[in-house]
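When a residue number appears, it is its place in the shown sequence, counting from 1. Since we're looking at a predicted model, the values are computed, not measured.
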Amino acid sequence: MEQSLSYDNRIDSESSEQVVNPWEVSAKDGGKIDYDKLIDRFGCKRLDESLIDRVERLTGRQPHKFLRRGVFFAHRDFNEILDAYESGERFYLYTGRGPSSEALHLGHLIPFMFTKYLQEAFKVPLVIQLTDDEKFMWKNLTVEESERLARENARDIIACGFDVTKTFIFSDFDHVGGAFYKNMVKVSKCVTLNKAKGIFGFSGEDHIGKLSFPAVQAAPSFPSSFPHLFPGMDKLRCLIPCAIDQDPYFRMTRDVAPRLGYSKPALIESSFFPALQAKNGKMSASDPNSAIYVTDTAKDIKNKINKAKSGGHQFSGVQRQLGADLEKDIPFKYLSVFLEDDSELELIRKQYGEKEGIMQTGDVKKRVTEVLTEIVERHRRARAAVTDEMVEAFMAVRPLPSMFE
């Protein structure tokens with residue numbers, strides 16, 4: 001059952017255990033995020049094996065490793081999206097990026113890598129929102145710098161390999177207006193100040209721009225916001241892949257959608273990619289030492305991984321005797337996200353995590369360095385091939401004639 005909008009995201013912070021909202025993710029004393037608590041507080045559901053099996057059956061493809069390994073672990077109405085798809089209905093994807101840094105780190109790439117898989121597996125269109133207005137209001141950035149970062153981040157997103165015939169990327173500063181703005185105003189009229197405070201924790205010290213922003217992030221959930229893409233398709237369902245810290249926005253959106261005559265957007269939500277030092281809940285763009293960036297050199301990656309928090313033991317004899325604590329081992333966690341081969345991952349799990357295993361901490365760090373270096377270098381080559389003309393093509397307001405093919 002979905003939680004009431006009266007839920008206050010500050011409840012966890014008041015108990016000094018964890019804070020999870022769209023602007024802050026942290027746990028007490030550098031501990032790990034309690035995802036069971038988040039599911040209970042937010043009122044979403046865990047993704048179970050039956051849903052993952054349905055994805056494989058309906059698409060004819062092996063589920064993405066992020067599904068198989070629980071990186072995407074929670075949902076709202078994903079089962080209904082699959083029901084509709086099975087009965088011949090289509091849907092569209094919506095995800096986004098708040099451009100607060102010059103380059104993306106690997107945690108930023110996760111939703112885009114997964115969204116690309118969904119687009120290809122289900123053969124559906126995609127809208128990607130660049131919230132340059134949000135970052136101007138929350139960060140110490142000028143409008144011009146926010147716009148520039150949005151364009152730079154668009155290059156990284158395009159480099160993930162999206163299909164230009166099925167993908168529309170837009171920045172809020174460029175696109176908000178017309179039908180999009182009408183839906184923003186409709187959403188805003190449905191949400192009282194008290195509800196906004198309860199959902200997002202706004203206070204009297206926050207400027208009114210922050211209060212107005214949630215309606216901006218809600219609007220892409222409704223197909224009528226994009227008349228050039230979905231004319232006459234106001235009942236088209238929307239699926240939003242995102243990290244679970246974005247859930248408050250869409251809890252609000254789902255509450256108002258029926259009152260506006262729209263379908264509730266469905267969500268499929270990911271856990272957070274941990275910081276290298278495991279000092280808080282996720283990698284942070286504001287702390288370059290907490291993250292692997294797509295601009296890092298092979299040497300940078302090696303140095304960062306070598307300094308990452310390990311669950312292994314310093315002395316080889318002790319390591320063989322006890323095995324590593326994989327719950328605390330950041331290099332292994334990175335492998336569990338990005339290593340393609342399931343059988344190799346399971347072998348490392350046994351040889352490193354179990355007693356009498358033969359792998360040492362250095363072996364795991366060496367392997368994850370190889371895996372991440374390959375991903376970053378591949379992304380760097382793809383990004384270098386993204387021209388200004390390609391950016392313009394993805395961001396042009398246009399129909400997508402082959403969007404469901």
With rounding to the nearest 0.5 angstrom, report the CD to NZ distance, E205 to K210.
10.5 Å
Chi angles and distances behind the side-chain hydrogen bond (donor to acceptor under 3.5 Å, both in side chains) call for Q217, T131
CA-CA 8 Å; Q217 188 152 324; T131 56; 5.3 Å; no
Is the shortest distance from a Lys or Arg side-chain nitrogen in R76 or D247 to a carboxylate oxygen in the other one below 4.0 Å?
yes
Is the closest side-chain donor-acceptor distance between E269 and Q246 under 3.5 Å?
no
Test: D342 and R68 ion pair at under 4.0 Å:
yes
Which label fits F338 and F273: parallel for a plane angle under 30°, tilted from 30 to 60°, or perpendicular past 60°?
perpendicular
D133-S146 side chain donor-acceptor pair, cut-off 3.5 Å:
no
T192 side chain to K195 backbone, donor-acceptor under 3.5 Å:
yes
Once the angle between the rings of Y85 and F91 is folded into 0 to 90°, is it parallel (under 30°), tilted (30 to 60°) or perpendicular (over 60°)?
perpendicular
Which atom pairs, donor and acceptor, lie under 3.5 Å between side-chain atoms of residues 122-130 and protein residues at least two apart or in another chain?
| unit_1 | atom_1 | unit_2 | atom_2 | d |
| --- | --- | --- | --- | --- |
| Q129 | OE1 | Y94 | OH | 2.8 |
| Q129 | NE2 | D172 | OD1 | 2.9 |
| Q129 | NE2 | D172 | OD2 | 3.4 |
| Q129 | NE2 | V216 | O | 3.1 |

If you apply the rule salt bridge (Lys or Arg N to Asp or Glu O under 4.0 Å), what do you find for K45 with D77, and how did you get there?
CA-CA 9 Å; K45 297 179 180 178; D77 292 348; over 6 Å; no
With ring centroids as reference points, do W23 and F213 lie under 6.0 angstrom apart?
no
Decide whether R97 and H108 meet the rule of one side-chain donor and one side-chain acceptor closer than 3.5 Å.
yes
Would you say the side-chain atoms of T361 and Q319 include a donor-acceptor pair closer than 3.5 Å?
no
Would E80 and K264 pass as an ion pair if we require N to O under 4.0 Å?
no
Plane angle bin for F112 and F162 - parallel if under 30°, tilted between 30 and 60°, otherwise perpendicular:
perpendicular
Determine whether S310 and D329 satisfy the following criterion, side-chain hydrogen bond (donor to acceptor under 3.5 Å, both in side chains), listing intermediate values before the conclusion.
CA-CA 4 Å; S310 171; D329 198 278; 3.2 Å; yes
Check ion pair K235-E89 (N to O, under 4.0 angstrom):
no
Distance-only donor-acceptor check, side chains S50 and D53, under 3.5 Å
no
Is it true that K116 and E120 make a salt bridge, defined as a side-chain N closer than 4.0 Å to a carboxylate O?
yes
Basic-acidic side-chain contact under 4.0 Å: R54, E86:
yes
Would you check if the side chain of R155 reaches a backbone N or O of V386 as a donor-acceptor pair within less than 3.5 Å?
yes
Side chains of N183 and S225: is there a donor and an acceptor less than 3.5 Å apart?
yes
Considering residues at least two apart in sequence or located in another chain, which fulfil the ring-ring contact (aromatic ring centres under 6.0 Å, His included) criterion with F170?
F168, H175, F180, F226
Is there a donor-acceptor pair under 3.5 Å between the side chain of R57 and the backbone N or O of V55?
no
Could you tell me whether the side chains of Y262 and S221 share a donor-acceptor contact shorter than 3.5 Å?
no
Any carboxylate oxygen within less than 4.0 angstrom of a Lys/Arg side-chain nitrogen, looking at E344 and R367?
yes
Is the closest side-chain donor-acceptor distance between D300 and Y293 under 3.5 Å?
no
